[in-house]
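One structure is given here, and the rest of the page talks about it.
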Amino acid sequence: KQWYQRRVTITAGMTSKLSNPHYMPEIFIKVTIINFTVTRLGLEDQLLADVTRLERPDLEEQRNALIMKINADKQKLKDIEDKILKMLFHSEGNILDDEELIETLNDSKVMSKEINI
């Protein structure tokens, strides 16, 4: 007799009426969660993006560039924040005597003002 191995795939679906259900981490590891929630605001954004893309491609390019810049600025602020926290953690003595820390704080203040303009 010969034995054949066969791979069995089981697919299961699950729905919930909760708008934002919470599942245990073990479930997130084993399954793919898809959120099919449709909101009026989400549909408006999608339609506006489609119309803008078709009618005014230049505005769509500006929008995409702006989104990229905003994300880059957020990352810069996070990096500076992490650097400041690291410097504060490793500082010894009076933090007002640490010139590098004071300079980094001033740089972050200037960058924050530039980004918020």
Side-chain angles (χ1 to χ4, degrees):
K1 289 184 180 181
Q2 290 183 344
W3 292 95
Y4 295 98
Q5 288 185 344
R6 176 182 254 173
R7 184 176 181 195
V8 178
T9 304
I10 298 173
T11 304
M14 183 173 75
T15 61
S16 172
K17 290 185 179 185
L18 299 173
S19 62
N20 190 13
H22 294 283
Y23 298 106
M24 295 172 42
E26 295 83 18
I27 293 176
F28 277 106
I29 293 171
K30 296 178 182 177
V31 300
T32 302
I33 305 290
I34 301 172
N35 186 351
F36 288 106
T37 304
V38 179
T39 63
R40 183 178 181 94
L41 182 60
L43 287 175
E44 286 176 1
D45 288 343
Q46 288 178 2
L47 288 173
L48 181 60
D50 287 343
V51 170
T52 304
R53 183 176 43 82
L54 294 172
E55 298 283 329
R56 296 283 308 270
D58 58 319
L59 288 179
E60 182 67 17
E61 288 177 20
Q62 287 178 351
R63 177 183 169 271
N64 291 337
L66 184 60
I67 289 171
M68 300 269 289
K69 184 179 181 331
I70 288 170
N71 288 333
D73 289 344
K74 284 181 181 179
Q75 185 62 43
K76 284 180 189 176
L77 286 175
K78 184 182 180 322
D79 292 343
I80 288 179
E81 181 181 311
D82 290 344
K83 182 178 179 183
I84 290 170
L85 290 173
K86 183 179 177 183
M87 292 174 79
L88 285 170
F89 181 74
H90 292 293
S91 68
E92 296 177 3
N94 190 353
I95 60 172
L96 297 176
D97 294 335
D98 191 348
E99 292 179 17
E100 184 182 2
L101 177 61
I102 299 298
E103 186 177 318
T104 304
L105 287 169
N106 285 332
D107 291 344
S108 70
K109 181 179 176 182
V110 170
M111 183 178 290
S112 178
K113 284 184 180 179
E114 288 175 3
I115 290 173
N116 287 329
I117 290 179

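The figures here come from the full heavy-atom set of this structure, side chains too, leaving out hydrogens, waters and symmetry mates.
- The line from CD1 of I80 to CE of M111 is 3.5 Å long, rounded to the nearest 0.5 Å.
- Taking the charged nitrogens against the carboxylate oxygens, K83 and D79 have no contact shorter than 4.0 Å, which rules out a salt bridge.
- Both M87 and I95 sit in one connected hydrophobic cluster of ILVMFWY residues. Membership requires side-chain heavy atoms under 4.5 Å apart, directly or through other members.
- Here CG of D45 is found 7.0 Å from CG of L48. Values are rounded to the nearest 0.5 Å.
- Taking the charged nitrogens against the carboxylate oxygens, R53 and D50 do have a contact shorter than 4.0 Å, which makes a salt bridge.
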Donor-acceptor list for residues 59-69 side chains, cut-off 3.5 Å, not counting sequence neighbours:
unit_1 : atom_1 : unit_2 : atom_2 : d
E60    : OE2    : R63    : NH1    : 3.4
N64    : ND2    : E60    : O      : 3.4
K69    : NZ     : D73    : OD2    : 3.0

Contacts under 3.5 angstrom, residues 101-109 side chains, donor-acceptor by atom type, not counting sequence neighbours:
unit_1 : atom_1 : unit_2 : atom_2 : d
T104   : OG1    : E100   : O      : 2.8
N106   : ND2    : I102   : O      : 3.4
S108   : OG     : L105   : O      : 2.7

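- Residue E44 qualifies as enclosed at atom CD: its count of foreign heavy atoms under 6.0 Å is above 12.
- Summarising the geometry, atom NZ belonging to K76 is positioned 12.5 Å from atom OG belonging to S112; distances are rounded to the nearest 0.5 Å.
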